[in-house]
2 protein chains.
Amino acid sequence: MSASTKLSTAVKALCFLAESFPEPRSSSQISSRIGVNASKLRQLLSLLSKQSVVTSEKGMTGGFILNKSPDDVDLQSIYCAIEDRKAFHLDVSKYHDVEENGIEKFNEYFADLFADVQIDIENKMKNINLKTVMDQLGIKSKFKK
Amino acid sequence: MSASTKLSTAVKALCFLAESFPEPRSSSQISSRIGVNASKLRQLLSLLSKQSVVTSEKGMTGGFILNKSPDDVDLQSIYCAIEDRKAFHLDVSKYHDVEENGIEKFNEYFADLFADVQIDIENKMKNINLKTVMDQLGIKSKFKK
DNA sequence: TAATATGTTACACTATCCGTAACAATTTGT
DNA sequence: ACAAATTGTTACGGATAGTGTAACATATTA
């Protein structure tokens with residue numbers, strides 16, 4: 001799954017859980033709702049549970065339950081929970097300069113530039129939370145603390 | 001080549017050509033300078049010549065020559081010349097919603113969000129030209145109009 | 001004890017990336 | 001005229017990464 005697909009998939013699942021709160025939803029229920037493989041969903045939601053965004057319970061009545069208010073879950077934190085790489089993968093060629101001709105300075109320059117871009121994206125993502133998304137899509141949250 | 005690697009490679013090559021102006025440099029000369037395969041360089045520079053960023057000449061004394069002032073070549077235009085995809089590839093899952101449960105709205109939402117991000121990046125790239133890069137790296141341009 | 005769920009790993013298939021090679025077309029030098 | 005060098009383009013094999021699925025240990029409930 002690409003990083004962006006992971007993010008949108010996670011958001012879809014979390015919105016469904018907000019809608020369903022406090023009823024637990026199994027990975028197969030979520031799968032049939034949002035059209036993503038149940039096994040892949042468990043992988044994603046497992047990561048989100050490690051960041052306490054959702055809770056999970058095994059067993060016949062188990063499933064996933066939203067654990068944070070949609071106000072308190074922004075896209076950046078979702079992204080960080082499910083992807084170890086940075087906001088998106090930008091790299092420069094790893095040519096190692098043996099002749100001291102300044103190529104390593106180029107690589108530093110672009111590494112810095114791409115880091116800047118990533119920070120911009122992260123800031124944009126921080127300003128969008130789950131509630132924002134749900135409001136814009138007309139989805140009602142049943143989450144209560 | 002990833003999009004970001006293409007961009008940094010192209011900039012390295014163009015800086016070398018600015019340094020060498022008006023002397024043409026062959027793809028193998030550029031290759032040994034910046035450590036990228038000569039064939040791949042020709043592919044990149046061929047695209048840049050179609051946008052008149054460089055000129056190329058065949059034959060024994062041929063090679064590539066910078067054709068635009070470093071002031072007039074920004075990173076965004078380089079990017080557009082060498083990559084047909086948008087600034088970076090962001091996509092949502094292509095699940096087609098047969099049950100009208102609102103998944104397509106999600107996909108639209110994220111497509112819009114990612115388009116916004118791309119515009120931000122493009123604007124950032126527009127504000128950086130070849131001269132900026134060369135100045136910061138202490139490379140002197142010999143380009144003259 | 002059977003059924004159902006998560007959590008994790010693995011696997012085959014596919015697609016993409018990457019470096020390189022090959023070669024026609026063109027131009028120059030001798 | 002001919003050899004040499006270069007661009008421009010296509011192709012290809014190996015490596016790498018993405019995708020969907022399966023499998024199964026573990027845990028929980030009825």
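Here is how names work: the chains are called A, B, and so on, in the same order as the sequence lines, proteins then strands, and each is numbered from 1. Hydrogens, waters and symmetry mates are skipped; everything else that's a heavy atom, side chains included, is used.
- Following rounding to the nearest Å, A:K6 (NZ) and D:dG18 (C1') show an atom-to-atom distance of 10 Å.
- For the OP1/OP2 pair of C:dG7 and a distance below 4.0 Å, the side-chain nitrogens and oxygens of A:S56 include at least one atom meeting the criterion.
- The aromatic rings of B:F114 and B:F110 sit tilted, their planes meeting at an angle between 30° and 60°.
- Distance CD/A:Q118 to CD/A:E122: 6.5 Å, rounded to 0.5 Å.
- Evaluation of the ring-ring contact (aromatic ring centres under 6.0 Å, His included) test over residues 126-145 of chain B, restricted to residues two or more places apart or in two chains, returns B:F21-B:F143.
- Summarising the geometry of A:K68 relative to A:S52, their closest heavy-atom pair is CG-O, 3.6 Å, with the distance given to 0.1 Å.
- To the nearest angstrom, P of C:dG7 lies 16 Å from CD1 of A:I82.
- Distances shown here put a side-chain N or O of A:K50 below 4.0 Å from the OP1 or OP2 atom of C:dT8.
- For A:I34 and D:dG20, the CD1 to P distance is 12 Å, given to the nearest whole Å.
- Distances shorter than 4.0 Å separate some side-chain N or O of B:S27 from OP1 or OP2 on D:dT7.
- With the nearest nucleotide of DNA chain D identified for both B:K40 and B:R25, B:R25 has the one nearer the 5' end.
- Here A:S46 does not reach the OP1 or OP2 of C:dT6: none of its side-chain N or O atoms lies under 4.0 Å away.
- For the residue pair B:N129 and B:T132, a side-chain donor N or O sits within less than 3.5 Å of a side-chain acceptor on the partner.
- Salt bridge annotation for B:K131-B:D135: present, with a cationic side-chain nitrogen under 4.0 angstrom from a carboxylate oxygen.
- Rounded to an integer number of Å, the gap from CG of B:L41 to P of D:dT9 is 15 Å.
- Under 4.0 Å is where a charged nitrogen must lie from a carboxylate oxygen, and between A:R25 and A:E19 no such pair does.
- Between B:L44 atom CG and C:dC17 atom P the separation is 14 Å, expressed in whole Å.
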Any protein N or O atoms within reach of nucleotides 22-29 of chain D? Criterion: under 3.5 Å, listing atom names and distances.
{"unit_1": "D:dA22", "atom_1": "N6", "unit_2": "A:S39", "atom_2": "OG", "d": "2.8"}
{"unit_1": "D:dA23", "atom_1": "N6", "unit_2": "A:R42", "atom_2": "NH2", "d": "3.4"}

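- The side chain of A:S26 sits closest to C:dA5 out of C:dA5, C:dT8, D:dT21.
- Across all strands, A:S28 comes closer than 4.0 Å to no nucleic acid atom at all (heavy-atom distances).
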